[in-house]
Structure formats: structure tokens, C-alpha cells
Amino acid sequence: PIPFLKEMKRVTKENGLVYVLVPYIFDLTAIFQLYGKEKIYNSKMLKEELRKAGLKGIKTKVLYNCFGFLISGWGKNS
């Protein structure tokens, strides 16, 4: 959701980080639980949305926890 990312960027100090945590597209539990109600991401999709929001130095990482897989992404507000 680019409008939310742009608002996060707007309220972040210059050279500060914007960090997001979203459902990972290749996690079967996320696919069954969400069933079209929310957007799920892979690394490429998340990087593209962070880039469109105007962030620089974007990185992503897939995380595992007791709820399944998540993907985190962050970028610098410059």
C-alpha cells in the first residue's frame, strides 16, 4: 500500500529508516488464512512498493516465526 508507505516516509526524519513487516507470499498458512482479504508479498513486490514510495537503499529479508513466514523490508528516507 503505497499511500501508507509515503505517509511513513513523510513522518520519518531525514536519513531515518522506514521498516515494514508483511505476510510472505510463499507461506501456505498465509495463503489459506488471508484468502484474498489482504495483499501478500514476495521480495521483489515489496522492494518495488518501497521504491515507488521514494525510499532508497532498500533491503528485504524473509523471517520465520511461530505464525509462519513474514517478509521485512526497510529503506532510507533521503
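These numbers come from the heavy atoms of this one structure, side chains and all, not from hydrogens, waters or symmetry mates.
Across all non-hydrogen atoms, the minimal contact from Lys52 to Lys6 is O-CE, 3.8 Å. Taking every heavy atom of both residues into account, Ser43 and Thr60 meet most closely at OG-OG1, 2.5 Å. For the residue pair Tyr19 and Met8, the shortest heavy atom distance occurs at O-CE, 3.6 Å.
Counting non-hydrogen atoms of other residues, nucleotides and ligands closer than 6.0 Å to NZ of Lys76 gives a total of 12 or fewer. Around atom CZ of Phe4, no more than 12 heavy atoms belonging to other residues, nucleotides or ligands sit under 6.0 Å away.
A distance of 7.5 Å separates CG in Asn77 from CG in Asn15, rounded to the nearest 0.5 Å. Atom OG of Ser72 sits about 6.5 Å away from atom CG of Leu21, to the nearest 0.5 Å. To the nearest 0.5 Å, the span separating CD1 on Ile58 from CG on Leu50 amounts to 5.0 Å.
The side-chain contact (heavy atoms from CB on, under 4.5 Å) test with Glu49 singles out one residue from Leu55, Val22, Leu5, Val20, and that residue is Leu5.
Here salt bridge (charged side-chain N to carboxylate O under 4.0 Å, His left out) pairs that include residues 54-64, with residues two or more places apart or in two chains, number zero. Pairs engaging residues 10-21 under the salt bridge (charged side-chain N to carboxylate O under 4.0 Å, His left out) rule: Glu7-Arg10 [sequence neighbours left out].
Under a hydrophobic clustering in which Ile, Leu, Val, Met, Phe, Trp and Tyr are joined whenever their side-chain heavy atoms come within less than 4.5 Å, directly or via other members, Ile2 and Val18 fall into different clusters. Tyr41 and Tyr64 end up in the same hydrophobic cluster when Ile, Leu, Val, Met, Phe, Trp and Tyr side chains are linked at under 4.5 Å.
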Output, in order, the C-alpha distance, side-chain angles, deciding distance and verdict of salt bridge (charged side-chain N to carboxylate O under 4.0 Å, His left out) for Arg51 and Glu48.
-> CA-CA 5 Å; Arg51 186 192 62 76; Glu48 183 64 21; 2.4 Å; yes
